[in-house]
Amino acid sequence: MVGTSIKMKLQGILESMKSFHKSTIKMKNPGKVAEMVSQIIADGKSKLQVVTDFDRTLTCTRGDACPAASPLASTCFEILDQSELMPQIYRDETTRLRDKYYPIEIDPNLTIEQKLPMAVEWYTQAHEVMLKTGLRQKDLVAMVRDSSAKLREGTDQLLERLHQMDVPVLIFSAGLGDLIHALLDQHADNHDNIKVVSNYMRFDDEGKMVGFHDELIHMYNKNENSVHSSAYFERLRGRNNVLLMGDNVGDLRMADGVENPNVTLRIGFLNDYSEERLAKFLDMFDIVLVDDQTMDVGNDIVTQLA
């Protein structure tokens, strides 16, 4: 009977969604996914919250409207790297850091505990390099405008639907909060149901960067515990169904701190493909999207909510 029930859910829910027929979607346990999607839809919008990474989760992996053959699109830090307003020494130093630490970040054979101190080193050193550049607050909007950073196809529609439904969206990012807000302002409405937890720059009275606010946010300490003391946390009460999206196994911890979790549907964007990484993602995410530059799955699920 259980097998029949799962099959009916697959036919009645997942099979009605076009995104679940795409070759880019992978699932280790489609029956489990069908159960979770069914529960999220049945419980409706009042029980849902969205918890998501930003760089290369809400944003594209590639630029120029994300076609498969185009160059990689900018992350928050790469917006600065590629800006003519930043000195060459900054690009040289950030390239050196990326060449050293990025292979560690995507290594499927290392545990999160092994990667964590390396992540702290990377972000700490990147922030120190940034402080030496004389970065001006007034230049941030132009830097974002002139960059290749772009939201995934359909992300603006997803954020608009979630706003209309009054579903809270928590964006956790190890990037730069000032640039995230600038990008959302330029490519989507920066709605009041969205809270961004990230690294925010601190500027002096003349608009020159002099440091960062609060503690360092890196890819392995992003989680909902960080908003428990904020007024925003009240909006999350009773919303124990979670749509979680990320592009790194460290993003799986973003839902840590959700009160009385019921269903947590984990969607992983596998942007740097290898057989080893796919196997790891399939073990840890419920849905894996391989080089998929759209937000089709999220939109398909959210449009079913009442």
Side-chain angles (χ1 to χ4, degrees), residues 52-62 71-83 85-135 140 143-144 147-149 171-180 182-183 196-202 209-223 225-226 245-254 256 268-274 276-277 280-281 284:
T52 180
D53 175 50
F54 187 75
D55 283 324
R56 295 185 177 158
T57 297
L58 292 185
T59 66
C60 287
T61 306
R62 290 185 263 277
L72 289 178
S74 299
T75 62
C76 285
F77 282 104
E78 289 165 351
I79 289 173
L80 301 184
D81 295 352
Q82 296 168 8
S83 174
L85 297 173
M86 296 294 279
Q88 183 60 42
I89 191 172
Y90 176 77
R91 281 183 281 278
D92 293 341
E93 283 298 299
T94 55
T95 297
R96 179 185 65 80
L97 292 173
R98 189 181 305 109
D99 290 346
K100 177 180 179 180
Y101 291 108
Y102 186 65
I104 297 171
E105 176 186 325
I106 66 172
D107 189 335
N109 299 309
L110 297 177
T111 65
I112 290 176
E113 286 69 26
Q114 290 171 313
K115 294 180 180 184
L116 196 155
M118 297 297 102
V120 173
E121 280 186 19
W122 185 3
Y123 285 97
T124 299
Q125 292 178 45
H127 287 184
E128 289 172 353
V129 172
M130 198 181 307
L131 272 171
K132 297 175 183 178
T133 66
L135 179 64
L140 298 182
M143 287 179 172
V144 171
S147 76
S148 61
I171 297 176
F172 287 109
S173 175
L176 300 164
D178 307 83
L179 297 181
I180 290 171
L183 198 150
V196 179
V197 177
S198 187
N199 298 295
Y200 286 90
M201 303 173 192
R202 187 160 49 87
M209 182 185 175
V210 293
F212 285 88
H213 293 282
D214 304 320
E215 67 173 315
L216 171 70
I217 302 293
H218 55 75
M219 67 190 73
Y220 301 119
N221 71 347
K222 305 182 298 184
N223 64 73
N225 289 312
S226 64
M245 300 186 292
D247 73 322
N248 188 290
V249 294
D251 293 332
L252 292 163
R253 295 184 171 181
M254 293 188 300
D256 291 358
F269 291 87
L270 181 56
N271 299 314
D272 292 286
Y273 176 83
S274 73
E276 282 185 299
R277 291 199 81 214
K280 183 79 167 179
F281 267 53
M284 305 189 79

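What you see below is based on every heavy atom in this structure, not just the backbone, and it leaves out hydrogens, waters and symmetry mates.
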Exercise. Who are the side chain to side chain contact (heavy atoms under 4.5 Å, CB included) partners of Thr133, not counting sequence neighbours?
Worked result: Met86, Pro87, Tyr90, Leu135
For this session: Find the distance between CD1 (Ile79) and CG (Asp178) and round it off to the nearest 0.5 Å.
Result: 11.0 Å
For this session: Go through the structure and list residues passing ring-ring contact (aromatic ring centres under 6.0 Å, His included) with Tyr123, not counting sequence neighbours.
Result: Phe77
Exercise. Hey, is the main chain of Ala174 close enough, under 3.5 Å, to the side chain of Asn199 for a donor-acceptor pair?
Worked result: yes
Exercise. What pairs meet the salt bridge (Lys or Arg N to Asp or Glu O under 4.0 Å) rule with one or both residues in residues 88-102, with sequence neighbours excluded?
Worked result: Glu78-Arg98, Asp81-Arg98, Glu93-Arg96
Exercise. What residues, two or more places apart in sequence or in another chain, satisfy ring-ring contact (aromatic ring centres under 6.0 Å, His included) together with Phe212?
Worked result: His127
For this session: Name all residues meeting the ring-ring contact (aromatic ring centres under 6.0 Å, His included) criterion together with Tyr200; count only those two or more places apart in sequence or in a different chain, and write none if there are none.
Result: His181
Seminar exercise, completed: Tested for side-chain contact (heavy atoms from CB on, under 4.5 Å) against Phe54, the lone hit among Val196, Val197, Leu183 is Leu183
For this session: May I ask you to test the Ile180-Cys76 pair for a side-chain heavy-atom distance under 4.5 Å?
Result: yes
For this session: Mind checking side-chain hydrogen bond (donor to acceptor under 3.5 Å, both in side chains) for Asp53 and listing every partner two or more places apart, or none if nothing turns up?
Result: Thr57, Lys222
Problem set entry | Distance (rounded to the nearest 0.5 Å) between Lys280 NZ and Glu276 CD | 10.5 Å
Problem set entry | side chain to side chain contact (heavy atoms under 4.5 Å, CB included) partners for Leu116, two or more places apart | Val120, His218, Tyr220
Exercise. Residues two or more places apart in sequence or in another chain: which of them pass salt bridge (charged side-chain N to carboxylate O under 4.0 Å, His left out) with Asp247?
Worked result: none
Exercise. Measuring from Asp272:CG to Arg277:CZ, what's the distance to the nearest 0.5 Å?
Worked result: 5.5 Å
For this session: Mind checking salt bridge (charged side-chain N to carboxylate O under 4.0 Å, His left out) for Glu113 and listing every partner two or more places apart, or none if nothing turns up?
Result: Arg253
For this session: To the nearest 0.5 angstrom, please state how far the CD1 atom of Ile106 sits from the CG atom of Asn248.
Result: 9.5 Å
Problem set entry | Residues which pass side chain to side chain contact (heavy atoms under 4.5 Å, CB included) with Leu110, listed by chain and number, not counting sequence neighbours | Ile104, Asp107, Gln114, Lys115
Exercise. How about Arg56 and Phe269: do any of their side-chain heavy atoms sit closer than 4.5 Å?
Worked result: no
Exercise. So how far is it from Thr52 OG1 to Leu58 CG, rounded to the nearest 0.5 Å?
Worked result: 4.0 Å
For this session: Please tell me if the side chains of Asn221 and Glu215 come closer than 4.5 Å, counting only heavy atoms from C-beta onward.
Result: yes
Problem set entry | Validation row: Ser198, Ile217 side chains within 4.5 angstrom (heavy atoms) | no
Problem set entry | Intermediate values then yes/no, side chain to side chain contact (heavy atoms under 4.5 Å, CB included), Leu80 and Thr94 | CA-CA 10 Å; Leu80 301 184; Thr94 55; over 6 Å; no
Exercise. What residues, two or more places apart in sequence or in another chain, satisfy side-chain hydrogen bond (donor to acceptor under 3.5 Å, both in side chains) together with Asp55?
Worked result: none
For this session: Determine whether Thr59 and Thr75 make a side-chain contact, defined as any pair of heavy atoms from C-beta on separated by less than 4.5 Å.
Result: no
Problem set entry | For Phe281, ring-ring contact (aromatic ring centres under 6.0 Å, His included) partners two or more places apart | Phe285
